[in-house]
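Only one structure is covered here, and it is reproduced in the block below.
Not measured: the values here are computed from a predicted model. Sequence lines set the chain letters: A, B, ... in the order given, protein chains first and strands last, and positions in each chain run from 1.
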Number of protein chains: 2
Amino acid sequence: MSSPKSTYHHGDLHRALIDAAADLLSERGAGGFSLREVARRAGVSHAAPAHHFGDATGLLTAVAAEGFQHLHTAMIESMEGVSDPVDRLAAIARAYVEMAIAHPGHSSLMGRHDLVSPDSQLLREWSTRAYESLHEAVAAVAEEVNPEVDIDNATRLCWAMVEGLLQVHDNMTAMAEASGADTPLPTIGDVAEVFSNLIVDGIRGSDSA
Amino acid sequence: MSSPKSTYHHGDLHRALIDAAADLLSERGAGGFSLREVARRAGVSHAAPAHHFGDATGLLTAVAAEGFQHLHTAMIESMEGVSDPVDRLAAIARAYVEMAIAHPGHSSLMGRHDLVSPDSQLLREWSTRAYESLHEAVAAVAEEVNPEVDIDNATRLCWAMVEGLLQVHDNMTAMAEASGADTPLPTIGDVAEVFSNLIVDGIRGSDSA
DNA sequence: ATGATAACTTGTCAATGTCAAGATATAATT
DNA sequence: AATTATATCTTGACATTGACAAGTTATCAT
């Protein structure tokens with residue numbers, strides 16, 4: 001959060017609004033989002049965000065786009081120094097999940113087509129880049145393990161699994177909190193690794209897709 | 001949707017409100033939900049839903065619970081007359097996806113912990129039943145294919161995959177609409193089958209979880 | 001120094017969810 | 001059958017919200 005403004009101009013309101021929005025989303029989920037509350041937290045009047053983002057959808061879309069940017073960065077970094085394709089895929093899965101846990105506000109929006117504008121060039125750019133990183137990693141695995149597999153489908157499935165993993169993680173967290181259960185959950189890194197092993201074994205065993 | 005009331009009492013307002021809510025959710029997604037709009041569609045005043053559901057969260061929770069009920073029913077029916085565990089798992093995956101497509105309004109809420117009350121007994125009952133059906137099916141597959149696999153983890157992963165599949169289906173649908181793309185998408189049934197094959201192959205190849 | 005403009009504030013409005021009092025008609029009791 | 005209780009709804013009010021438009025501030029360009 002930027003320091004409080006002492007002049008008319010905030011100084012970096014664009015940044016402050018995205019940060020405030022991500023914080024609010026992290027605390028209350030998308031259902032508790034309020035543009036006025038974001039403005040209050042950024043220390044400006046309720047209509048100030050309109051200049052930077054147009055409407056509420058504009059701000060939410062910018063947060064989602066930044067989420068995909070974080071994801072892309074995390075994916076690239078996770079693969080550095082890792083040469084084995086199977087290990088790279090595992091690293092990506094872990095990176096995705098860790099990004100989501102580190103940025104819950106961003107993550108809560110990235111699949112929300114009812115809240116985010118599909119026309120945003122920034123959103124498309126970053127979501128496409130993230131997807132393509134995954135596509136390349138899946139292709140490298142397939143080449144080594146089973147060149148006959150359909151790479152597009154395998155990538156979609158891989159993406160689906162990780163999205164679903166986040167949903168299940170939310171489910172398990174919410175249920176654990178509601179029930180006070182003391183059942184130890186596997187760590188998300190463990191689950192991510194099981195996921196990527198499943199995917200690799202699935203690709204290996206796949207006759208066709 | 002029930003027929004319009006001609007007396008003071010609606011006759012089956014509880015049912016009409018759930019139907020109206022599911023329709024509205026299906027049209028606008030959760031982000032476009034409005035309790036007053038639901039009441040308008042049901043032909044009653046804006047405060048009438050409070051008697052049946054308390055607040056907006058109460059209505060949304062009831063819709064989500066009904067979604068899990070639909071899911072459970074679809075799962076059970078899909079397995080009838082199917083004896084092979086692997087085929088049963090494929091049937092479940094398809095049933096889940098088909099239920100979600102048939103009931104988009106319900107489906108849009110089933111993972112939304114920011115909108116739904118975890119304290120609802122009805123929600124827990126139906127979500128637990130659905131989960132247990134899947135658990136049994138996964139256990140049957142594991143017993144045949146690889147008794148060493150951790151059934152709880154495999155079930156969670158299976159659940160995660162299907163949740164993620166729905167997310168990806170939404171993604172692909174939204175992106176196709178936004179870009180006017182003419183790339184043919186695989187049918188969701190095809191993808192569900194690939195999923196279950198992946199899961200089964202993954203379980204088969206799994207050393208441990 | 002002056003004018004243009006980006007960046008904000010203030011004010012207004014319609015729509016929203018919630019709450020509480022009031023009204024209706026159905027069920028239960030006498 | 002008449003009266004009372006109660007489930008079920010309506011009306012009205014209020015605070016909050018997103019959006020829009022006019023007004024204000026201070027920074028930039030000339």
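- Within 4.0 Å of B/Ala48, counting heavy atoms only, lies at least one base atom of the nucleic acid.
- Protein atom NE2 of A/His10 is 17 Å distant from nucleotide atom C1' of D/dT27, rounded to whole Å.
- Side-chain atoms of B/Ser127 come within 3.5 Å of backbone N or O of B/Leu123 as a donor-acceptor pair.
- Ion pair B/Arg129/B/Glu132 not flagged as a salt bridge, since none of the NZ, NE, NH1 or NH2 atoms sits closer than 4.0 Å to an Asp/Glu carboxylate oxygen.
- Atoms NE2 (A/His9) and P (D/dA26) sit 8 Å apart, rounded to a whole Å.
- Applying the 3.5 Å distance criterion, the base of D/dT27 shares no donor-acceptor pair with the side chain of A/Tyr8.
- A straight line from CG of B/Asp12 to P of D/dT8 spans 11 Å, rounded to a whole angstrom.
- Looking at heavy-atom distances under 4.0 Å, B/Ala47 makes contact with a base.
- For the OP1/OP2 pair of D/dT8 and a distance below 4.0 Å, the side-chain nitrogens and oxygens of B/His51 include at least one atom meeting the criterion.
- Side-chain N/O atoms of B/Ser34 include none lying less than 4.0 angstrom from OP1 or OP2 on C/dA15.
- Phosphate proximity of D/dT17 to A/Arg40: present, with a side-chain N or O under 4.0 Å from OP1 or OP2.
- Between the NE2 atom of A/His46 and the C1' atom of D/dA19 there is a distance of 8 Å, rounded to whole Å.
- Atom-to-atom, CG of A/Asp55 to P of D/dA21 comes out at 13 Å; the value is rounded to the nearest Å.
- Taking 4.0 Å as the cut-off between side-chain N and carboxylate O, A/Glu27 and A/Arg41 count as a salt-bridged pair.
- A/Arg36 places its CZ atom 12 Å from the C1' atom of C/dA15, with the value rounded to the nearest Å.
- Of the side-chain N and O atoms in B/Ser45, none sit less than 4.0 angstrom from OP1 or OP2 of D/dT11.
- Per the geometry, CZ belonging to B/Phe53 stands 14 Å off C1' belonging to D/dT8, to the nearest Å.
- Atom-to-atom, CZ of B/Phe33 to P of D/dG18 comes out at 18 Å; the value is rounded to the nearest Å.
- Aromatic ring centres of A/His106 and A/Phe68: separated by at least 6.0 Å.
- For the atom pair CD (A/Glu77) and CD1 (A/Ile92), the distance works out to 12.5 Å, reported to the nearest 0.5 Å.
- For D/dT25, the OP1/OP2 oxygens have no side-chain nitrogen or oxygen of A/Thr7 closer than 4.0 Å.
- A close approach under 4.0 Å does occur between a side-chain nitrogen or oxygen of B/His52 and OP1 or OP2 of D/dC9.
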